[in-house]
Amino acid sequence: MSILDEISENLQKGKAKAVKELVEQAVESGISPETVLKDGLLAGMNVISEKFKTNEIYVPEVLVAARAMNMGSQVLKPYLEKEGVRAAGRVCIGTVQGDLHDIGKNLVKMMLEGKGLEVIDLGTDVSPETFVQTAIDQNCQIICCSALLTTTMGVMAEVVEKAKEAGIRDRVRIMIGGAAVDEAFCARVGADKYTSDAASAADAAVEFCRELAQ
Amino acid sequence: MILNNRERTVNLLHYKPVDRLPAVHFGYWPELLEEWAAQGKIPAELAHDNHDGSDKDHELDKIIGWDFNYSHVIGSNDHLDPVFEEKVIEVLPDGSIRQQTRDGVIERVKPGVSSIPAEDDYLLKDREAFEKYYRPRMQFYPERVEAGFTRFNDNRPQDIPFGILLGSVIGNIRNMTTVTGLSYLMYDEDEDLLADIIDTYADLQYRCTEEILKTGAKFDFAHYWEDICFKNGPLISPAKFEELCAKHYKKRNDLCRSYGIDIISVDCDGVIGQLIPIWLETGVNIMFPLEVGVWGDQFEPARKKYGERLLGVGGMDKTALRKDKAAVDSELARMERLASLGGFIPCPDHRLMPGTKFELVQYYAEKIKEIRL
């Protein structure tokens, strides 16, 4: 088994320490950091993502795999920056104003990073203005809004409105998710995409980034 | 034939004849009661400190027309003892509060918003924390069970079903560790740690249950609290759930059955399909609720799959109570059809949420009682 396959396998098993050590070894052996990222870490997260979508694995397995990916990414980060390797897209993500819940949001963040996207995590209780201003300031292609509560899901409509007012709807896609929302709600508030799970959200985000890059 | 609510419920869940369906609910979000009070629908005093099964809850039942709140259960002090000190750690600039919970978790809450808390940190991360802070708090001693259970049969309400609370096999552990922490523990380098935590806590809860039942107290049903699923499925893999938890349900359920309690429910929440066969195998026979939710789950397919050993309480799409009479009528028709399968009691899926229309709840409670099977 190649060291890249080993990285992927260990990541899938959530072996964070092993992933960190293998990534260090891989870089030291002369494999390019971008290759280690794509064919090691992201390859492993892709498998996790697919298995999560089909209920072969569950939230715990995603969380431990993401922890392992983070350990490996930390090793790679300075090398990638030095070589000017760019992410496939940039996303800002947060839980909407009035809502402090972040498990779902964090799962989506992990999956987005697992697809090689750069994620700006705005945390919880994020105002519509902050979402939109961050997208403008950081050149994000996508805004991801999460809400657990029926009492806060209405804020998503305000995010869409603020984005319209700011004149960025032609270049920024707005995705929504969370326990309280569904496709019908997405259509009603004028967001671009609702996905029912974190892995599908990451797939949709990659697709949007691809479209916008053309 | 005129039955009281206790007889009606027990009969329904044993596929026996009843006079009518009961009007059952599972409580309210506090924000909804405040809304109703502000609209002048209910007295203001009923909007505060209104807990399941309390006098205020009963008073509200009368005003609305409910027969009873399903959540009439009693248990013992079967949790951490002493619990951790509940204290505010800091008030953040936006008014939200970081506080330590009784389970040793640091959570963030927003004043005035009642919901699942957001979790920042937790103590139960490793073997050392378990041995030092948690195992000592999970030990059984007789005083955990109140002496009052010897008089329970005379003092309990005679006309509504009353359950024994069996505690929680995994949900309370999740509350001690957070979802993330529980996930990490499942794959900890100390492979026995999570099983050790679950086993220790389960032994305590079994002993407490046993001591209550030994007093001769009689219950109509038994009930667990877990809240272990979300909109995409379980928060734990079914394989791990079976490996770590199933034996504890089985042991506690067998104990209940030996005391004549054969209706055993679990408050599960979310998309529970993959855990149903495991729960059923251990003897849990009501998954409360099989939620309609935004994912559209239904009791009927589950009944077809698992047969009559699967009972049901819940299944009513509570969002209809925010819409109009036509939406409620549609739910009433669906509830009648489900109830006709037998072994099923309609109840709104969990607590009624803000925006629910008072008049529609009254209408539902009135109409559900008119349904004869």
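Every chain is numbered from 1 and lettered A, B, ... according to where its sequence line falls, protein lines coming before strand lines.
- Within residues 51-77 of chain A, the residues having any heavy atom less than 4.5 Å from a heavy atom of chain B are, in residue-number order, Asn55(A), Tyr58(A), Val59(A), Pro60(A), Glu61(A), Leu63(A), Val64(A), Arg67(A).
- Nearest approach of Tyr194(A) to Lys231(B), heavy atoms of both residues: OH-NZ, 2.7 Å.
- In this structure, Glu24(A) places its CD atom where more than 12 heavy-atom neighbours from other residues, nucleotides or ligands lie under 6.0 Å away.
- With chain B as partner, the option from Thr95(A), Asp125(A), Thr152(A), Asn106(A) having the largest number of non-hydrogen pairs under 4.5 angstrom is Asp125(A).
- With a threshold of 4.5 angstrom between heavy atoms, Lys15(A) does not approach chain B through any atom at all.
- Annotation: Phe84(B), atom CZ; neighbour count of heavy atoms from other residues, nucleotides and ligands within 6.0 Å is above 12.
- Around atom CD of Glu128(B), no more than 12 heavy atoms belonging to other residues, nucleotides or ligands sit under 6.0 Å away.
- The stretch residues 126-142 of chain A places none of its residues near chain B, where near means some heavy atom under 4.5 Å from a heavy atom of that chain.
- Between Thr180(B) atom OG1 and Asp102(A) atom CG the span is 7.5 Å, to the nearest 0.5 Å.
- Within 6.0 Å of the CD atom in Glu90(B), the count of heavy atoms belonging to other residues, nucleotides or ligands exceeds 12.
- When the shell of 6.0 Å around CD of Glu191(B) is examined, it contains 12 or fewer heavy atoms from other residues, nucleotides or ligands.
- For Pro354(B), the part lying under 4.5 angstrom from a heavy atom of chain A is the side chain only.
- In this structure, Lys115(A) places its NZ atom where more than 12 heavy-atom neighbours from other residues, nucleotides or ligands lie under 6.0 Å away.
- Only the side chain of Gln274(B) comes within less than 4.5 Å of a heavy atom in chain A; its backbone stays farther off.
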